[in-house]
Structure formats: structure tokens, C-alpha cells
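Side-chain atoms are counted along with the backbone in the values below, which use heavy atoms only and exclude waters and symmetry mates.
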Amino acid sequence: MPKKKYMHIYPFKVDFAEECLNENTLSIQDLMESALAKLLQKEKKERIWKIEPFDGTYATLPEIKPNQDGTYSLGFAKFDMTSGPGKGNLSSGEISPFEMQEDEGFSHPTAALYDPSTNAFIAESSNSSISPDRMLSCITKEMPEDYLAQITLIPIIQEDVVTQVLKGGLIRKLELSVCPALLQETAFQKGISFNSFLKSKGMKSFSGEISITWSDKQSIPNEAKKIIRWACNLVTSCTGGFLYPIKRCKVTQEKANNERGSDFLDLLNARVSDKILVQVGRDRMVAFIEKYKALKSAYKQWKRKYFSN
């Protein structure tokens, strides 16, 4: 029987960072399509970017496929040149390394779908490969320098979950864990980030994790409610990728409409997602074409609901 595995898919919208908009700003569609056209003209060996200077990992874009419906299917991968699994034999029990040339490494494919008409970016989420943020950064490298840091991915959130947190019953408990070193200045409309504050006090960085818990039998104080609203805003503006600062955000609140009991809401699981079974080939890989089919299937169910405006 053919082997199958789940492919985890998340919808995003490509947009400008809010503070970067001005009357001279080009449209997202123009910037994205121009960048993809430049990438199409390059050979595969030119579509490789080093992820970290010393760890031997690279992001690559081996496939760009313009589709008849105007969308683009994008086949990404992470190349790992330093380490990987060994080869095991079920008959003998022996383990041996893969034989690779000096310029070869382990490849971890992943894929995305971009629709210029809606700016939808439907991306596979894979722990072993590159994040949606990294995918977008590979594309934005081909944009004019003024736009490099302006383009961002906005995750699609189940609005009812966030609304329930902000407008629901009395909040009894908040559990929040944040990595200050990953907080960006843009996470705050006013003021500075935790990391910038620490730097201003003479600390180079704080790479650890800060965990905060508020709990009250009546209702948590207004200060904590402000932090919940901030956390909601941050959760809805981050992609969950390699720059994601919030590691935990859970709220316990009374049920609304005088119902008895409590609701336990996890904002990190409020993002819209889908998991689709895909065919694993004889080479034990999921071919890009299978990934593209799954992405198109997910986008079909989300397009009218989240990308029609």
C-alpha cells in the first residue's frame, strides 16, 4: 500500500509593514512578480542563499512554476552540508553513512503557493526545512533595497478565538512566555522592545525566555489585560517562523453569557491551518508536484473566506 504522510499548511497574506507605507510605495503585486521574474531568469545554482555563516545550511529555490491561473508554485528546500542521518540495513542491522561528494548534502524540501491577485501566500510548515519567513526573504532579496525590510507575512487568524479572548468573560489566568531577544521594535506601536530596554541598561542581549503568569480568583488586573491585548496583537502579526518571539500564550476565562465553567484558549493555536495527506514516492520523498496539489487544495477552501477582499 502506498505510504502517505501529513503535510501541514498555513495561509498568510503578503503585505507591507504598517509604518513603511507611503505615497511612493510600489504595489505588493508589482514587487513580488518582478522579483519572481528575476529569479526565473537565474539558474538553479544562483538561487541558493546561506542561512547561517558557519553552520553549513543553505536555503534554495530549485523550482518556480507560473501556473495558468496566475498563481506561482514555489519549491524551496534547506540544504544541510554538515550532518545528517546514517543509512541502516534492515537485513544486516548495519549502519553506514551516505556516500556524498564534497558539494552534496541533505535536502529538506518544502513548498509555497503565491497568488498575485490576492497576495495570498500559502506555505507548508516543516520543522526540518525553512520557515515561511525564510521563503519570503529569499524572494525579497530580488527587490529594490528600500523594500527589503518592508515586506512581511501576515498570518491568517481565526477571528473568533482572538475576539473571544478580548471580549469574552472575566479573565482568570494568563500564561505568557516570550524570548526578548527576538522581539522587534515593530512589535510595539509606542515605546521600545524588551531587548532594546535591556541593551539600554548595558546588557548585550538576553537570549533566554521570560515566563509570566497572572492568576486571580476574581479577575486579573487591568495591567495584565493590556499585556493580553498586546500579546493578541503580536500573535496576529507574527508568522511563527524563525523570528517568532512568543512561545506560549494561554488564557483562562469565564464562559460568556453567564454560562458556568471556564474556557481555556491557546492563542498560538488560533492560526488557521490544515493538514493534508500526500503521497510519499518510492524514493521516500514527497515530490514537489504532490506538495503543489495540497497547497492548491488548501487555498481553494480559504480563498473566498480570507482573501476575497
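The shortest distance between side-chain heavy atoms of Thr152 and Ile154 falls below 4.5 Å. Ser297 places a side-chain heavy atom less than 4.5 Å from the side chain of Ile276. At least one side-chain heavy atom of Pro132 sits less than 4.5 Å from a side-chain heavy atom of Phe12. Between Met32 and Met143 the shortest side-chain heavy-atom distance falls below 4.5 Å. His108 has its side chain within reach of Asp80: a pair of non-hydrogen atoms, C-beta onward, lies under 4.5 Å apart. Taking 4.5 Å as the limit, some side-chain heavy atom of Phe16 sits within range of a side-chain heavy atom of Ile151. Contact annotation: the side chain of Asn119 never approaches that of Asp15 to less than 4.5 Å [non-hydrogen atoms, C-beta and beyond]. Between Phe307 and Lys13, the closest side-chain pair of non-hydrogen atoms falls below 4.5 Å.
Put simply, OG on Ser131 and NZ on Lys78 are 10.0 Å apart, with the number rounded to the nearest 0.5 Å. Residue Leu36 holds its CG atom at 11.0 Å from NZ of Lys38, rounded to the nearest 0.5 Å. Within the model, atoms OH of Tyr58 and NZ of Lys50 stand 4.0 Å from one another, a figure rounded to the nearest 0.5 Å. The distance from the NZ atom of Lys291 to the CD atom of Gln279 is 13.0 Å, given to the nearest 0.5 Å. Considering OG of Ser129 and CZ of Phe76, their distance stands at 9.5 Å, rounded to 0.5 Å. Atoms CD1 and CD, from Ile9 and Gln301 in turn, are 8.5 Å apart once rounded to the nearest 0.5 Å.
Smallest separation of non-hydrogen atoms from Pro116 and Gly70: CD-O, 3.2 Å. In plain terms, the two heavy atoms of Ala59 and Cys138 that are nearest each other are CB-SG, 3.9 Å.
Although no hydrogens or angles enter the test, the distance criterion places a donor-acceptor pair under 3.5 Å between the side chain of Thr140 and the main chain of Ser137. Panel note: side chain Glu124, backbone Ala111; a donor-acceptor pair is recorded below 3.5 Å. Between the side chain of Thr110 and the backbone N or O of Ile130, no donor-acceptor pair lies under 3.5 Å. Listed for the Arg47 side chain is a donor-acceptor partner under 3.5 Å among the backbone atoms of Leu61.
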List the steps and the verdict of side chain to side chain contact (heavy atoms under 4.5 Å, CB included) for Lys5 and Leu277. CA-CA 5 Å; Lys5 64 177 292 186; Leu277 279 172; 5.8 Å; no
Worked check of side chain to side chain contact (heavy atoms under 4.5 Å, CB included) between Trp302 and Ile122: CA-CA 10 Å; Trp302 291 328; Ile122 313 301; 3.9 Å; yes
Step by step, would you call Leu113 with Lys296 a side chain to side chain contact (heavy atoms under 4.5 Å, CB included)? CA-CA 7 Å; Leu113 177 76; Lys296 289 178 181 178; 4.3 Å; yes
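Asn67 and Tyr72 share no side-chain donor-acceptor pair at under 3.5 Å. Side-chain polar atoms of Tyr10 and Asp274 form no donor-acceptor pair below 3.5 angstrom. The closest side-chain donor-acceptor pair between Thr71 and Tyr292, if any, does not fall under 3.5 angstrom.
Classified by interplanar angle (parallel below 30°, tilted 30° to 60°, perpendicular above 60°), the ring pair Tyr114/Phe121 is tilted.
Met285 and Leu74 are assigned to two separate hydrophobic clusters, defined by single-linkage of ILVMFWY side chains at heavy-atom distances under 4.5 Å. When the side chains of ILVMFWY residues are joined at heavy-atom separations under 4.5 Å, either directly or via intervening members, Trp49 and Ile51 end up in a single hydrophobic cluster. Hydrophobic cluster membership is shared by Ile139 and Leu40, with clusters built from Ile, Leu, Val, Met, Phe, Trp and Tyr side chains linked at under 4.5 angstrom.
Salt-bridge check for Lys42 with Glu142: passed, with a basic side-chain N closer than 4.0 Å to an acidic carboxylate O.
Relative to the six-membered ring of Tyr6, Lys275 meets both conditions, a distance below 6.0 Å and an angle of at most 45° to the axis.
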